Every structure is written in C-alpha cells, then in structure tokens.
Protein chains: 2
Amino acid sequence: MDQEYSVKSLARAMKVLECFSVQQPELGVTEIAKKLGMQKSTICNILSTFQKCGYVVQNMQTNKYHLGTKILHLSYIVNHHLGLRDIFLPHLHKIAEATHEVCYFGILHNNEVLYIEAVYPSTNQQTRNILGERAPLYCTGLGKAMLAFMPQEKAEEIINGELKSFTNFTLCDPALLRSDLEEIRMTGYAVDNMEHEFGVRCVAVPVFGASGEVTAAVSVSGPSPRFDHTTMVKHAETIANALQPLQRCL
Amino acid sequence: MDQEYSVKSLARAMKVLECFSVQQPELGVTEIAKKLGMQKSTICNILSTFQKCGYVVQNMQTNKYHLGTKILHLSYIVNHHLGLRDIFLPHLHKIAEATHEVCYFGILHNNEVLYIEAVYPSTNQQTRNILGERAPLYCTGLGKAMLAFMPQEKAEEIINGELKSFTNFTLCDPALLRSDLEEIRMTGYAVDNMEHEFGVRCVAVPVFGASGEVTAAVSVSGPSPRFDHTTMVKHAETIANALQPLQRCL
DNA sequence: AATATTGTTCTTTAATACTGAACATCTATA
DNA sequence: TATAGATGTTCAGTATTAAAGAACAATATT
C-alpha cells in the first residue's frame, strides 16, 4: 500500500494558489476550476478560506481573486532565513558598478533559476522587479553556470529533457549543450549568447556552497553589441573576483 | 446554523506556515504542535505535504523545517500585481537622495504597517532587508500617517486597543495619541519621536488611493540628532512634493 | 427582454484528516 | 557506557469534513 502521508486537500489548495501568475494575477472561480479540473464549489471554499487567512483578496468590482499581501510577510521570512540576499547585495553592487551592467543573482530551485535580486548600475537606473521570477537552466547564463556544476545525473535529466527553443541561438541539441557545459567547467564561467532573449548576452559565474555543491550564480547581462568576447572575459573575471570571498563558505 | 464555508484543514495548515518567523525561522514538529495545540502527527503530515509542494524544506542535519523558496515566487506575483513597488521606487530614490536619509515605503495590512521597500541614500549604503517586516500603527511614522487618515471607526479600534510601550516616548495614552493624530491631519505629515525605537526619529507622509482612502505611506528616518524640528518639516515637504504625482491615482 | 455565464449556497456521501499509540532516532545525563 | 528523555515518523481506525452536484442569485451579453 503506497500510502502517501500527505494532506491531499492542502496540496489541492496550494495548487489553487499556484494558478495565479504574473500573466494572470486575477482569476475567477470558474477559471480556476477549469484549469485544475475541479468543482466550482470546491474552489470557492478554498478561496474563501485563503481570504480569511489573508492569502487571497477578492476584487469587489470584478469578484475575481488575486494573491494577498500576507504572502509578502512569508517571503520576508524566507529571504531573511536564506540571508543570501543580504550577504550578496554589496557584492552585486560592486559588480554592477565595475561592469556598468545589470547584475543578477539567482539560486537553483526545482531545476529552474529562481531570480533573487537584480542590481542596476548607477548609469542605468531601471527598476524592473524580477524577485521570484523563474527561467530554464539550459538557456540562461545563470542557469548554465549552475547546470554545468550540478550532479551529472540531475544535469543529464535536464539535458535529455525538453529543450524548448526561445531564439535561433537556443542550444536545443543535447550534444551542443553538453559541449557548452564542458567549456563552462573549463573556464569557470557561462556565456549566454542570446539563447533566451534575442539581442541579450550574459556572463555568469557559479557560487559553491560549503560542501562544494552549486547553490547560486551571479551574472551581468545587457545588449549584445556591448558584450563582445574580450569584454565578456573581463566581466567574468570581475564577477569571479568579487565573489571570491563568498565561495565555499555558505 | 452559522456554517462556515471554509476548508478547516487548510486554515490549520496555513497557521503552521505562520508559525515561522524571523526570530524562529527553523522549527521542529513538536515545537509547532505545542505552539498550535495540535497533534504531532498532524503537523508532520501537513509539513510533509508542504515539503512536497516546495513551501517548506527540512534541514537534513537538524530535522527541523524552514520555509521554502516557492514562497518567493508567489511573492513576486503579489508584488507585480500590486505594482506598487515598481511605481514608488524611483520616487523613493529621489527622496533618499534629497534628504540623505533612509526612505521607507509601507502599506496598510491587517491593522499593521507592512514594509514594502527601503531605499538607502548613496551616502549611507546599508543593506538591511525589511521587505515584509511589520510594525504597529500607533507608534511608527508610517503607521501614524495612515492611522490618522483611516476611517474613524477602524482607527478608534486601534487607539482603544492595547498600546504597548516600546520606549519612554511611546504614546500609550489614547488621549495623547488622538491629539497627535489630529495634528497629523492638520499638517499632513506624521512625526515619530523615538516612539518605536530609542534614538530614531521619523517623518512620514500618507499616500491616498483613487477613492481617497489611505493606502500607503512613505517616510524617512534616522538618528534623532539629525532630526530636529526644522529639518523634519523640510523632509516632510520633500516627501510630499515627491509623492505629489502619485496621490489619488492608484 | 432573454440567455448565457458568473459566483455562491446547500445537502448528501464518500473520502480523508486527525487522533493516539507505537516505533525509530537521536541526545543529553547519570 | 548505559539509560532516560527527547525528537521525528509511522500506522490503523474512527469521526470529521471536504468535495460533488444541483439549485440559486447576480451579472454580463446578446
């Protein structure tokens, strides 16, 4: 009997929360019910519970629901516990100023890149909020930097999995990807040559934990004309140097 | 029959998530069970479900649990939907640079201040992460700025509620607090005179939504010697001017 | 005005979450 | 080193209750 010691109603409820996305921040009851193949009334009850707890808010005008601010408080605790953001922030600033490019910081989570922070150089004061955004491993600088140093078994799972094409430059061929990862292991840094977004190049360096496993990565990225080979090598060195004191101590 | 159309097991489970705090980011099964007066096995099942969903992670060394990064993704959606952070950030930067003080941005949530962002002036590069932190309304600049313009009924609830003393300067007397709030309504800005933290003064200005209700507040704060009366009046003006374009349009 | 389509309410039943005890691990203390 | 007291986990039975499905109310659309 493969009994699962899990609270099924809770798992179902969390799926409801996960229906909300940046693209669809507001959802109706039937919309969610269809999406999950569940009954309207069930969704209604779950949402009403979440609302009472503050995790979801109903828009009085449209009757649709959206995520509540209670989640922000939880995320604060996560961030604080991880502590990573606080530890990395000064170094990210240093890198952004030295390279005059946007500096990203992401961690490995569920076989995806989870962006934790973006720091803009003072010469480029954008304010795009990417906290919490996710991206695939195989076609981003941060992702490949981590993929290259992951346990081979886990890495192969991804390499042999679906490699969706985002641009003409995306490495959708496992063999090509493998040799790229090999080069990353040799040089110590990953290059994303417009593989995820056309016109955007990126250099990323992995960060290793105390026991030697990849835990995170830091990158700078920007418009491809500014990212020629020699510049990217220089940037990689800048990042690697800035991260030196953090390597193998987290 | 006052039947509650809520999923009780879900409400219970969310209470488990809420046990985690900055002070106690890691909790054991029995610890949570005691805190909530629930059975160990129940907590165990809930945690195991949350773990499968990625909302909670078990520390292999200590067997204790902590919140997972999945929450970050949800918080990203919240932030993005609120959009507030993105809208306010440039103005917060402006205020921080103009006053050379830390600039805070908070919203009203569950009768508390929920801190959304802190921006440090370039002359004071701290990196304290306060995203998601909460504080009482009656003894903080941001809080009083919002409390003063809340619906009277809701405000009185708080004024007549427990007014815990944080410092010798905390206004724990409802009458004193009321007259302070009256002054805030007159001047349009709130002053926190070391009421929450000794040695820290703060000036805050409320932000109003499209329908005229208080939705948020912005403040600058710092060591009391730097915050004399004339300086604070000047800071209040600076903030009010910077926020002008955002008033009554959100 | 008529007709979908939405969110909500309600009851019944089948599912399942919680209890409570037993078990397995680990960690202080004698 | 042995023992007692923690801890987290497993398990089966019962009492709870979550979900289904239909009916209702309130909008939106035609």
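Note that this is a predicted model, so its numbers are computed, not measured. By convention in this document, chain letters (A, B, ...) are assigned in the order of the sequence lines, proteins followed by strands, and residues within each chain are numbered from 1.
In this model, the phosphate group of dT19(C) is approached by a side-chain N or O of Thr42(B) to a distance below 4.0 Å at OP1 or OP2. Between Tyr65(A) and dT8(C) there is a side-chain N or O to OP1 or OP2 distance below 4.0 Å. In this model, the phosphate group of dA6(D) is not approached by any side-chain N or O of Thr30(B) to a distance below 4.0 Å at OP1 or OP2. The shortest distance between the side-chain N/O atoms of Gln58(B) and the OP1/OP2 oxygens of dT7(D) is not below 4.0 Å. Contact annotation: Gln39(B) does not reach the phosphate of dC18(C) (side-chain N/O to OP1 or OP2, under 4.0 Å).
Summarising the geometry, the separation between CE on Met38(A) and P on dA20(D) is reported as 6 Å, rounded to the nearest angstrom. Atom NZ of Lys40(B) and atom C1' of dT19(C) are 13 Å apart (whole Å). The CG-P distance, from Leu47(A) to dT9(C), rounds to 13 Å in whole Å. For Glu26(B) and dG8(D), the CD to P distance is 11 Å, given to the nearest whole Å. As a whole-Å value, the separation of Lys8(B) NZ from dT19(C) C1' is 17 Å. dG21(D) atom C1' lies 15 Å from atom CD1 of Ile43(A), rounded to whole Å. Remark: P of dT6(C) and NZ of Lys35(A) are 15 Å apart, rounded to the nearest angstrom. To the nearest angstrom, C1' of dT25(C) lies 16 Å from NZ of Lys64(B).
Here the side chains of Leu181(A) and Tyr138(A) are not in contact, with every heavy-atom distance at 4.5 Å or above.
Between Phe166(A) and His196(A), the ring-plane angle classifies as perpendicular under the 30° and 60° cut-offs.
Comparing Leu10(A) and Asn63(B) along DNA chain D, the residue whose closest nucleotide (by nearest heavy atom) sits nearer the 5' end is Asn63(B). If Ser9(A) and Lys34(B) are placed on DNA chain D by their nearest nucleotide, the residue sitting closer to the 5' end is Lys34(B).
Listed candidates were dA21(C), dT7(D), dA17(C). Nearest to the side chain of Ser41(B) is dA21(C). Of the candidate nucleotides dG21(D), dT6(C), dA17(C), dA17(C) has the atom nearest to the side chain of Arg12(B).
Using a 4.0 Å cut-off between charged nitrogen and carboxylate oxygen, Glu182(A) and Arg185(A) count as a salt-bridge pair.
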Legend entry - Test log, rule ring pair (Phe, Tyr, Trp, His ring centres under 6.0 Å), inputs Phe149(B) and Phe208(B): CA-CA 9 Å; Phe149(B) 294 95; Phe208(B) 298 96; 5.2 Å; yes
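Results of the side chain to side chain contact (heavy atoms under 4.5 Å, CB included) test with Leu47(B) over Thr42(B), Leu27(B), Leu17(B), Val56(B) single out Val56(B) as the only residue that passes.
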